[in-house]
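Residue numbers start at 1 and run along the sequence shown.
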Amino acid sequence: MAKFKKAIQALNEGKRVRRSSWHSDKRFVFRQVPSEIPKEVIPKMQSLPDTVKNFFIKTFEEEQIDAIYYSDQLALVGMSNCITSYSPTVSDSFASDWEILD
């Protein structure tokens, strides 16, 4: 078992972490890989609403920007194949039951 500081270090190394109190071996947190998304890809992205796509397309034209960037995001894999955002609670931050999975 580890404290949250060790879990954060593991996330930064690309490892998965979970709390032993979560009662599921399939639930874990990972840090998304920082990514550059070229402007040509934006219209094809299923994860962005059309209004957001339109905002970026307009911004690309007005400011001559070539990409958007994903960074510093944590994600939670639940009991199925669903991935959602994760933000640690105060309880998570002070817990010492973190497990480093790989």
query: Under a 4.0 Å N-O cut-off, is there an ion pair linking D102 with K15?
result: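 No.
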Taking the side chain as every heavy atom from C-beta outward, state whether [X] and [Y] have any pair of such atoms under 4.5 Å apart.
{"X": "L76", "Y": "R27", "result": "yes"}
{"X": "S96", "Y": "M1", "result": "no"}
{"X": "V17", "Y": "L101", "result": "no"}

query: With a cut-off of 6.0 Å (strictly less than), are more than 12 heavy atoms of other residues, nucleotides or ligands near CD of Q64?
result: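 For Q64, atom CD is not crowded (no more than 12 foreign heavy atoms under 6.0 Å).
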task: Applying side-chain contact (heavy atoms from CB on, under 4.5 Å), name anything that partners K26, two or more places apart in sequence or on another chain.
output: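 Counting only residues at least two positions away or on another chain, K26 forms a side-chain contact (heavy atoms from CB on, under 4.5 Å) with S24.
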task: State which residues pass side-chain contact (heavy atoms from CB on, under 4.5 Å) with I65; sequence neighbours excluded, sorted by chain then number.
output: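 With sequence neighbours excluded, I65 shows a side-chain contact (heavy atoms from CB on, under 4.5 Å) to T59, F60, E63, given in chain and number order.
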Which atom pairs, one a donor and one an acceptor, fall under 3.5 Å between side chains of residues 28-41 and the rest of the protein, sequence neighbours left out?
residue	atom	partner	partner atom	Å
R31	NH1	N12	OD1	2.8
R31	NH2	D72	OD1	2.9
S35	OG	V33	O	2.9

query: Which distance, rounded to the nearest 0.5 Å, do you find between the CD1 of I100 and the NZ of K6?
result: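 Going from the CD1 atom of I100 to the NZ atom of K6 covers 7.5 Å.
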From CD1 (I42) to CD1 (I57), nearest 0.5 Å: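 Rounded to the nearest 0.5 Å, the CD1-CD1 separation comes to 8.0 Å.
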query: Does any pair with a residue in residues 71-102 pass ring pair (Phe, Tyr, Trp, His ring centres under 6.0 Å), and if so which ones, sequence neighbours excluded?
result: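 Every ring pair (Phe, Tyr, Trp, His ring centres under 6.0 Å) pair that includes a residue of residues 71-102, provided the two are not neighbours, is F4-W98, W22-W98.
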query: How would you list all residue pairs meeting salt bridge (charged side-chain N to carboxylate O under 4.0 Å, His left out) that involve residues 89-98, not counting sequence neighbours?
result: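 Non-adjacent pairs meeting salt bridge (charged side-chain N to carboxylate O under 4.0 Å, His left out): R19-D92, R19-D97.
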query: Can you pull the side chain to side chain donor-acceptor pair (under 3.5 Å) pairs that have at least one residue in residues 45-54, sequence neighbours excluded?
result: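 Sorted pair list comes back empty.
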